[in-house]
Amino acid sequence: LVDHLASTSELERTIVCVSSDHGEMLGDHTVLGKESPFQGSVGVPLVCSGPGFRKGLTVDAPVTILDLAATFMHYGRATPARDMAAVSLHDVLQGDAPLPRR
């Protein structure tokens with residue numbers, strides 16, 4: 001996908017985010033699976049790249065996958081519903097602000 005976007009000159013105006021559905025313990029704390037609330041079970045990677053994103057930025061703070069909806073809406077200039085619990089990660093990804101506290 002990234003190669004295709006680059007070959008069509010669309011990559012520089014496209015947001016790409018990669019994540020997974022949940023973590024696995026894989027023997028940490030002698031636990032397998034995801035039945036415990038340890039970081040290995042609840043921590044999920046999220047990697048994003050896009051126009052204006054600060055390169056090399058690492059944020060070690062909790063976000064929710066729902067925040068991606070708010071973020072994509074922000075970049076698309078759409079107005080989120082007032083009862084939407086998600087927050088846009090725009091300012092964080094640009095390197096302009098810390099992650100909002102929940």
Side-chain angles (χ1 to χ4, degrees):
L1 176 63
V2 173
D3 288 342
H4 175 74
L5 290 168
S7 72
T8 59
S9 299
E10 294 293 321
L11 185 58
E12 53 274 348
R13 61 186 214 104
T14 301
I15 296 171
V16 177
C17 292
V18 179
S19 188
S20 67
D21 60 344
H22 61 76
E24 291 289 346
M25 291 303 294
L26 299 175
D28 294 350
H29 303 280
T30 67
V31 177
L32 296 174
K34 60 176 185 170
E35 68 273 358
S36 302
F38 291 114
Q39 183 60 31
S41 178
V42 298
V44 176
L46 174 62
V47 178
C48 293
S49 179
F53 287 19
R54 190 167 134 210
K55 302 221 184 288
L57 176 68
T58 299
V59 177
D60 187 23
V63 298
T64 171
I65 201 77
L66 299 174
D67 293 337
L68 289 180
T71 303
F72 297 153
M73 291 178 77
H74 181 108
Y75 278 95
R77 297 188 176 112
T79 303
R82 283 185 283 155
D83 62 346
M84 189 172 183
V87 295
S88 172
L89 303 176
H90 171 271
D91 293 344
V92 176
L93 295 169
Q94 302 283 321
D96 295 335
L99 194 65
R101 295 190 60 92
R102 296 188 188 273

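A continuous path of hydrophobic side-chain contacts links Ile15 to Val63 [ILVMFWY only; heavy atoms under 4.5 Å]. The hydrophobic clustering, which links ILVMFWY residues whose side-chain heavy atoms are closer than 4.5 Å, places Leu68 and Val16 apart. In the hydrophobic clustering of ILVMFWY residues, with side-chain heavy atoms under 4.5 Å counting as a link, Leu66 and Met84 come out apart. Under the 4.5 Å side-chain heavy-atom criterion for grouping Ile, Leu, Val, Met, Phe, Trp and Tyr, Leu93 is not connected to Leu5 through any hydrophobic cluster.
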**Asked** Should Ile65 and Ser19 be marked as a side-chain contact (heavy atoms from CB on, under 4.5 Å) after you check the CA-CA gap, both sets of side-chain angles, and the distance that decides it?
**Response** CA-CA 8 Å; Ile65 201 77; Ser19 188; 3.8 Å; yes

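The side chain to side chain donor-acceptor pair (under 3.5 Å) test applied to Arg13 returns Glu10, not counting sequence neighbours.
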Which atom pairs, donor and acceptor, lie under 3.5 Å between side-chain atoms of residues 69-78 and protein residues at least two apart or in another chain?
unit_1, atom_1, unit_2, atom_2, d
Thr71, OG1, Asp67, O, 2.7
Thr71, OG1, Leu89, N, 2.8
Tyr75, OH, Gln94, NE2, 2.6

